Amino acid sequence: MNDPSSFYDNTDTASEGQVNTIPIPVEIVSEEEMAFIEAALASTRPLLSSTPSFSSSSLSSSPARLALVSALPSVLSPLRKPTGSLHSAACSRPLPVPPDIEDSAGPAPPKSLLHQFRSRRGLTVTDITATEWCEKQMEFVLLHGKPKRTEAMKAGSDRHTQLEKEVVEKVEVPIKSVEDSWALKFMNFIVGANQLMFEGLTRELPVIGVVEGVWMIGVIDEIRTPINEATLHPILVDTKTRYKATRPSEAQKRNARLQLMCYKYLWDNLVADTFPTDHFFNHFNLNPLYILSGDVKEYIVSLGFSAKTLEDVFTYFRDTCCLLSPSQGQLLLRRQILPLASLPSSRYELQSDHSLLEEYHFSYDAVWFKIQIQECLKFWLGERDANYVSQAERWKCQFCAFTAKCPLIATSNKRAE
DNA sequence: ATTGCTGAAAGG
C-alpha cells in the first residue's frame with residue numbers, strides 16, 4: 001500500500017480521491033534552479049545578449065520561460081495494466097475502440113502500423129525521421145520494442161537539456177486528464193512563442209499539425225528571430241552533436257534536413273492560423289469544455305493567463321498564432337563535437353569548449369518534403385511493406401540492433417546459392 | 001520493451 005510502485009497500478013479504480021492522495025512535491029522553483037536563474041541573470045547569456053529592453057518589468061523578473069511538465073498523471077498510464085490491453089478499464093474515459101478490435105480470433109487483415117501504434121497520439125517528427133532512416137528498423141522498433149540507448153544518444157540528450165536550460169525553466173505540474181496534458185502543451189507553445197517574439201529566441205517548442213492527412217507532433221529544437229535584420233521571419237535551428245570530428249554522412253544530413261522541414265511545415269501551418277480545432281478535439285477525443293485541474297489552472301495563472309477549460313487555452317493559442325510570422329525558407333543545422341572523453345560522469349561539464357564543427361544552411365524544398373512524407377506514409381498506412389535500406393546505405397545495418405532478425409542480412413549472407 | 005514515468009528526441 002505504501003509501495004510507490006502502486007502509483008502506477010491502475011488495476012484499481014483510479015478515483016480522483018486516489019489521485020489527490022499522491023504526494024507530489026510541487027516546487028515552483030527549486031533552490032538549484034533558483035541559483036541557476038540568478039546566475040543566468042548575473043552572467044551574460046550570449047544568445048540573449050541582443051535582447052531589447054522593455055518598459056515592462058515583468059520580463060526582466062523572469063528571464064527564463066516557464067515550461068510546464070506533466071507529472072504523474074495516473075489516468076495517462078493505462079499501459080501498465082498487466083493484461084496488456086491497450087485500453088485499460090481504469091482509464092477514466094476510454095478512447096473509442098474500432099468495432100473490429102475484439103475480432104482478434106479471425107484472420108482479419110493486419111491493421112496499418114499507424115492505426116495499431118499511433119492512432120491515439122499521432123505520428124511524431126521522430127517517427128518520420130526514423131522511418132526515413134530505415135523502414136525495416138522502424139518496423140522492428142514498433143513490433144519488438146526499442147533497443148538500448150547508446151552513449152552517443154545520451155550525450156546528445158544531455159547537450160540538448162543544457163541548451164534548453166539556458167532559456168527555459170521547467171516546472172512540474174500534476175495533471176489528472178489528457179485535457180490537462182494538452183493544455184500544458186499548448187501553454188508551452190504560447191509561452192515559447194512569446195519568448196521568441198520578445199527575446200528573439202526560444203527552445204524546445206512543441207508544435208502540432210496535419211501533414212498529408214496525418215496528425216503529427218514534434219518539438220522544435222530552437223527558433224530565433226533575427227532582431228537586427230529587416231525580416232521578421234524566424235529561423236528554425238537544430239543542433240546535432242557528434243563524438244567524432246568526421247563529416248556526417250549524406251544519409252544523416254538528409255535525415256536532419258527532413259526533420260527540420262517537418263518543423264517548418266508544422267510551424268508555418270500554425271502561424272497560418274488555420275488550425276483545425278474541431279478536427280483536433282475529435283481526433284484526440286478531447287472535451288473542450290473539460291474543467292482543467294486546479295494545479296493546471298494555477299500554473300496558467302502564474303504565466304499571466306487565466307483559463308478554466310481547454311477551450312479557453314485554445315483561445316489564447318489561436319490569438320498567439322495570429323501574431324507569428326512564417327519561418328524562413330533557409331533552415332539551419334548546427335553540428336557540434338562533444339569532447340572525446342565524454343564519459344557519463346563528465347557529460348554535465350561540457351559548458352566550456354563547445355567547438356562548433358559546422359553550420360549548414362539549406363533551403364526548404366516543398367516538393368521533396370511532400371514526396372518524402374508520402375513515401376513514409378505508405379509504410380505507416382500499410383500500403384506497402386517496409387523497405388530495406390538501399391545497397392549504398394547498407395552500412396547503416398552496422399548500427400542496427402535488429403540485424404539478427406532482419407531478412408535483409410539473412411539473404412545477403414546466403415546469397416551463395 | 002531505453003531514458004527519470006505518460007512524451008519527443010537523442011545518434012547512426
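All values reported here derive from a predicted model rather than from experimental measurement.
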Participant: Distance check: side-chain N/O of A/Arg149 vs OP1/OP2 of B/dG11, anything under 4.0 Å?
Facilitator: no

Participant: Return the CD to OG1 distance between A/Glu199 and A/Thr225, rounded to the nearest 0.5 Å.
Facilitator: 11.0 Å

Participant: Using the ring of A/Phe402 (Phe, Tyr or Trp, six-membered ring only), decide whether A/Lys136 places NZ or CZ under 6.0 Å from its centre and within 45 degrees of its axis.
Facilitator: no

Participant: Using the C1' atom in both, what is the distance from B/dA1 to B/dT6, to the nearest Å?
Facilitator: 15 Å

Participant: Please enumerate all residues that pass salt bridge (Lys or Arg N to Asp or Glu O under 4.0 Å) together with A/Lys297, with sequence neighbours excluded.
Facilitator: none

Participant: OP1, OP2 of B/dA8 versus side-chain N and O of A/Thr124: anything below 4.0 Å?
Facilitator: no

Participant: Not counting sequence neighbours, which residues clear salt bridge (Lys or Arg N to Asp or Glu O under 4.0 Å) with A/Asp268? List them please.
Facilitator: A/Lys264

Participant: Any side-chain N or O of A/Tyr263 below 4.0 angstrom from OP1/OP2 of B/dA8?
Facilitator: no

Participant: Using whole Å, what does the distance between atom C1' of nucleotide B/dA10 and atom CD of A/Glu151 come to?
Facilitator: 12 Å

Participant: Expressed as a whole number of angstroms, how long is the span from A/Met138:CE to B/dG11:P?
Facilitator: 17 Å

Participant: Regarding A/Asn188, tell me which of base, sugar-phosphate or nothing describes its non-hydrogen contacts under 4.0 Å with the strands shown.
Facilitator: nothing

Participant: Quick one: label A/Gln137 by what it contacts on the DNA or RNA (base, sugar-phosphate, nothing), any heavy atom closer than 4.0 Å.
Facilitator: base

Participant: At 4.0 Å (heavy atoms only), tell me whether A/Val141 reaches a base, stays on the sugar-phosphate, or touches nothing.
Facilitator: nothing

Participant: Show me the donor-acceptor pairs, under 3.5 Å and distance only, between side chains in residues 361-371 of chain A and residues at least two apart or in other chains.
Facilitator:
unit_1   : atom_1 : unit_2   : atom_2 : d
A/Ser363 : OG     : A/Gln330 : OE1    : 2.7
A/Asp365 : OD1    : A/Val367 : N      : 3.2
A/Asp365 : OD1    : A/Trp368 : N      : 3.0

Participant: In whole Å, I'd like the distance from the NZ atom of A/Lys148 to the C1' atom of B/dG4.
Facilitator: 17 Å

Participant: Strictly below 4.0 Å: does A/Arg121 bring a side-chain N or O up to OP1 or OP2 of B/dG7?
Facilitator: yes

Participant: Which whole-number value in Å describes the distance from A/Gln336 CD to B/dA10 P?
Facilitator: 13 Å

Participant: Determine whether A/Arg384 and A/Glu375 satisfy the following criterion, salt bridge (Lys or Arg N to Asp or Glu O under 4.0 Å), listing intermediate values before the conclusion.
Facilitator: CA-CA 10 Å; A/Arg384 60 165 168 73; A/Glu375 275 308 305; 3.0 Å; yes

Participant: Could you say whether A/Pro147 or A/Thr129 is positioned toward the 5' end of DNA chain B, judged by the nucleotide with the nearest heavy atom to each?
Facilitator: A/Pro147

Participant: Who are the salt bridge (Lys or Arg N to Asp or Glu O under 4.0 Å) partners of A/Asp238, not counting sequence neighbours?
Facilitator: A/Lys240

Participant: Would you mind telling me which of B/dC5, B/dA1, B/dA9 lies closest to the side-chain atoms of A/Glu172?
Facilitator: B/dC5

Participant: B/dA9 C1' sits how many Å from A/Ile208 CD1, rounded?
Facilitator: 16 Å

Participant: Roughly how many Å apart are B/dG12 and B/dG4, using the C1' atom of each and rounding to a whole number?
Facilitator: 24 Å

Participant: For Watson-Crick and G-U wobble pairs within 3.5 Å on both distances, what is DNA chain B written in dot-bracket notation, | included for inter-strand pairing?
Facilitator: ..(.....)...

Participant: Nearest whole Å is fine: how far is B/dT3 C1' from A/His160 NE2?
Facilitator: 15 Å

Participant: Determine which pairs satisfy salt bridge (charged side-chain N to carboxylate O under 4.0 Å, His left out) with at least one residue from residues 310-331 of chain A, sequence neighbours left out, and list them in order.
Facilitator: A/Asp273-A/Arg318

Participant: May I ask you to verify if any side-chain N or O of A/Gln259 is less than 4.0 angstrom from the OP1 or OP2 atom of B/dA10?
Facilitator: yes

Participant: For B/dG12, does either OP1 or OP2 sit under 4.0 Å from a side-chain N or O belonging to A/Lys240?
Facilitator: no

Participant: What is the distance, to the nearest angstrom, from the CH2 atom on A/Trp133 to the P atom on B/dA9?
Facilitator: 17 Å

Participant: Reckon A/Thr241 touches a base, only the sugar-phosphate, or nothing at all at heavy-atom distances under 4.0 Å?
Facilitator: sugar-phosphate

Participant: Nearest whole Å is fine: how far is B/dG12 P from A/Arg394 CZ?
Facilitator: 21 Å

